[in-house]
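Reviewing the structure listed below.
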Amino acid sequence: MAGHGADEHPHGADRLCEAGDRVYSRAVRRGRVPRRDAQPVPCLLELALLHPDPDDMDWLVPTSPQEVMTRLLRGMHDEVSASQRRVGSAVAAVEWYAGLGRQVRRAAPGAEGPAIRVLDGLARIQAAMDEATQACTTEVLTVQPGGIRREAELSEGLHRALALRGRGVRMRDLYTHVARHGQGLLTYLELMGDAVEARTLDEVIDRLILFDRTVAFIPANSDRTMALELRHPGIVEYLVTVFERLWRLAIPLTAPLPDTGIEGISHREQSIAALLAEGHQDAVIAERLGISVRTCRAHIARLSETLGAASRTQLGVRIAQAGLDGPPPSAASPSPSSSLSVPDQGSRTAR
């Protein structure tokens, strides 16, 4: 699809083709168009003028003309020294989008941008993340699932993190305990200094990134090639609540994991024992703890040896007898009221 669009639609948002003009204009007037209407004009999706409707993937909704104007003007600022010849056409395009914008405001006074946007494709996801990063002024909260973070992955986002640090933005990151063993994460935190605070848990929710408690990004499919950009205040507040409660339960990366109190059984093996007691399969346990299935089974074998179990059935009995069928000890034990309210700004761990 991308190649097809590049060959037959070699233009930008400042000079739409005639077919793209018709479909985008119709989408702005009606609020959305069927996905099939955009098949002859892939440029509209490639230029992010249309994107999937989160309520019905068979429909496409338009990016607001106001947002398109902002994007065009930003591009003009960046390219004016090398692209003077494009200024005239871009200004004309801005006037055209402004005309459409006035139509939208007359049709729906006070209407705002979408509270939920589907970002289809890694390039579109990255562009939206870059915009949110540039607009961020105070705080970034992230949940990073999986195991050891790859150094290449950490290096790729380092320039954005350093730019945030330079603006005085504070960052708090949640990882699984397994991430403690990655040198890349330790190097990253050393470079960031006190701008970043990290904590770990046995398991965390799926990836979550929150900017200034106003916009959040979460995956929209299993392979993370689609994402949701969330700006609805109710949804964002809920996600902040989830983060804060996980943060209370997490253990600072600078603190050691608590001892299990049972000789020969590590904190990770206690976590595995608790999940085994719940009836989970090896693959599920490995995914939740951010380790490989092979590593998980090696821990289970050590558990069996330590507890003197000759079979999985017997292991389950021994786990219960040893009191390992509950969650492992946490460095933070929330008070009874902590499940009812989100901690305020003053109650956070000092940086």
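The side-chain heavy atoms of Glu269 and Thr306, taken from C-beta on, include no pair separated by under 4.5 Å. Contact annotation: the side chain of Leu185 approaches that of Tyr175 to within less than 4.5 Å [non-hydrogen atoms, C-beta and beyond]. Using a 4.5 Å heavy-atom threshold, the side chains of Thr214 and Val236 count as separate. Using a 4.5 Å cut-off on side-chain heavy atoms (C-beta onward), Val23 and Leu50 make contact. Residues Ile116 and Ile235 are in side-chain contact: their nearest non-hydrogen atoms beyond the backbone lie under 4.5 Å apart. Looking at Thr176 and Pro145, their side chains never come closer than 4.5 Å, going by heavy atoms from C-beta outward. Residues Pro52 and Arg35 have side chains in contact (heavy-atom distance under 4.5 Å, counting atoms from C-beta outward). Counting heavy atoms from C-beta on, the side chains of Val118 and Met57 come closer than 4.5 Å.
Looking at Arg22 and Glu18, a side-chain N of the basic residue comes within less than 4.0 Å of a carboxylate O on the acidic one, giving a salt bridge. Residues Arg124 and Glu229 are not paired through a salt bridge, judged by the lack of any N-O separation under 4.0 Å between the basic side chain and the carboxylate. A salt bridge is absent between Asp282 and Arg294; no separation between the charged side-chain nitrogens and carboxylate oxygens falls under 4.0 Å.
Ile300 and Val317 end up in different hydrophobic clusters when Ile, Leu, Val, Met, Phe, Trp and Tyr side chains are linked at under 4.5 Å. Taking hydrophobic clusters as Ile, Leu, Val, Met, Phe, Trp and Tyr residues chained together by side-chain heavy-atom distances below 4.5 Å, Tyr24 does not share a cluster with Trp59. Note: the hydrophobic cluster containing Ile218 also contains Ile205 (ILVMFWY, side chain heavy atoms under 4.5 Å, direct or indirect links). Linking Ile, Leu, Val, Met, Phe, Trp and Tyr whenever their side-chain heavy atoms come within less than 4.5 Å leaves Met226 and Val61 in two separate clusters. Transitive grouping of hydrophobic side chains (ILVMFWY, heavy atoms separated by less than 4.5 Å) keeps Leu315 and Val293 in distinct clusters.
Shown here for Pro62 and Gly31, the closest heavy-atom pair between the two residues is CD-O, 3.1 Å. Scanning both residues, Gln270 and Ile265, for their nearest heavy atoms gives N-CG2, 4.0 Å. Nearest approach of Ala48 to Thr63, heavy atoms of both residues: O-OG1, 2.6 Å. Minimum heavy-atom separation, Ile319 to Ala277: CG2-CB, 4.3 Å. When all heavy atoms of Leu307 and Ala322 are compared, the pair lying nearest together is CD2-CB, 4.3 Å. In terms of heavy atoms, Leu276 sits closest to Arg312 at CD2-NH1, 4.1 Å.
Checked by atom type and distance alone, the side chain of Ser271 never pairs as donor or acceptor with a backbone atom of Asp202 at under 3.5 Å. Proximity of a side-chain donor or acceptor of Arg318 to a complementary backbone N or O of Gly308 within less than 3.5 Å is detected. Looking only at distances, no side-chain donor or acceptor of Arg167 sits under 3.5 Å from a matching main-chain atom of Thr138. Side-chain atoms of Asp212 do not come within 3.5 Å of backbone N or O of Val140 as any donor-acceptor pair. Side-chain atoms of Gln314 come within 3.5 Å of backbone atoms of Ala310 as a donor-acceptor pair (strictly under, hydrogens ignored).
Between the CG atom of Asp194 and the CZ atom of Arg170 there is a distance of 5.0 Å, given to the nearest 0.5 Å. For the atom pair NE2 of His177 and CD1 of Ile251, the computed distance is 4.5 Å after rounding to the nearest 0.5 Å. Atom CE of Met171 sits about 3.5 Å away from atom CE of Met192, to the nearest 0.5 Å. For the atom pair SG (Cys296) and CG (Leu289), the distance works out to 7.0 Å, reported to the nearest 0.5 Å. The CD atom of Gln144 sits 6.5 Å away from atom CG of Asp173, with the distance rounded to the nearest 0.5 Å. How far OG1 of Thr142 is from CZ of Phe211: 9.0 Å, rounded to the nearest 0.5 Å.
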Test side chain to side chain contact (heavy atoms under 4.5 Å, CB included) on Val240 and Glu244 and set out the steps.
CA-CA 6 Å; Val240 170; Glu244 292 290 4; 4.2 Å; yes
Please evaluate residues Glu203 and Leu275 with respect to the criterion side chain to side chain contact (heavy atoms under 4.5 Å, CB included), reporting the C-alpha separation (whole Å), side-chain torsions for both, the decisive distance (0.1 Å), and the verdict.
CA-CA 11 Å; Glu203 50 182 308; Leu275 292 171; 3.8 Å; yes
Please determine whether side chain to side chain contact (heavy atoms under 4.5 Å, CB included) holds for the pair Leu141 and Leu174, giving the CA-CA distance in whole Å, both sets of side-chain angles, and the decisive distance to 0.1 Å.
CA-CA 8 Å; Leu141 310 176; Leu174 277 170; over 6 Å; no
Please walk me through it: do Leu249 and Leu201 pass side chain to side chain contact (heavy atoms under 4.5 Å, CB included)?
CA-CA 7 Å; Leu249 296 172; Leu201 283 164; 4.0 Å; yes
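Crowding of Arg30 atom CZ: a count of heavy atoms from other residues, nucleotides or ligands under 6.0 Å not exceeding 12. Counting heavy atoms of neighbouring residues, nucleotides and ligands inside a 6.0 Å radius, atom CD of Glu190 does not exceed 12 of them.
Every pair passing salt bridge (Lys or Arg N to Asp or Glu O under 4.0 Å) that includes a residue from residues 52-62 is listed here, sequence neighbours excluded: Arg32-Asp53.
The one candidate from His280, Glu278, His299 that meets the side chain to side chain contact (heavy atoms under 4.5 Å, CB included) condition with Ile285 is His280.
Cation-pi contact between Arg172 and Trp247: present, with separation from the ring centre below 6.0 Å and deviation from the ring axis of at most 45°.
A side-chain donor-acceptor contact under 3.5 Å links Arg180 and Thr200. A donor-acceptor pair shorter than 3.5 Å cannot be found between the side chains of Gln134 and Asp130. Counting only N and O atoms by type, the side chains of Asp223 and Thr225 include a donor and acceptor under 3.5 Å apart.
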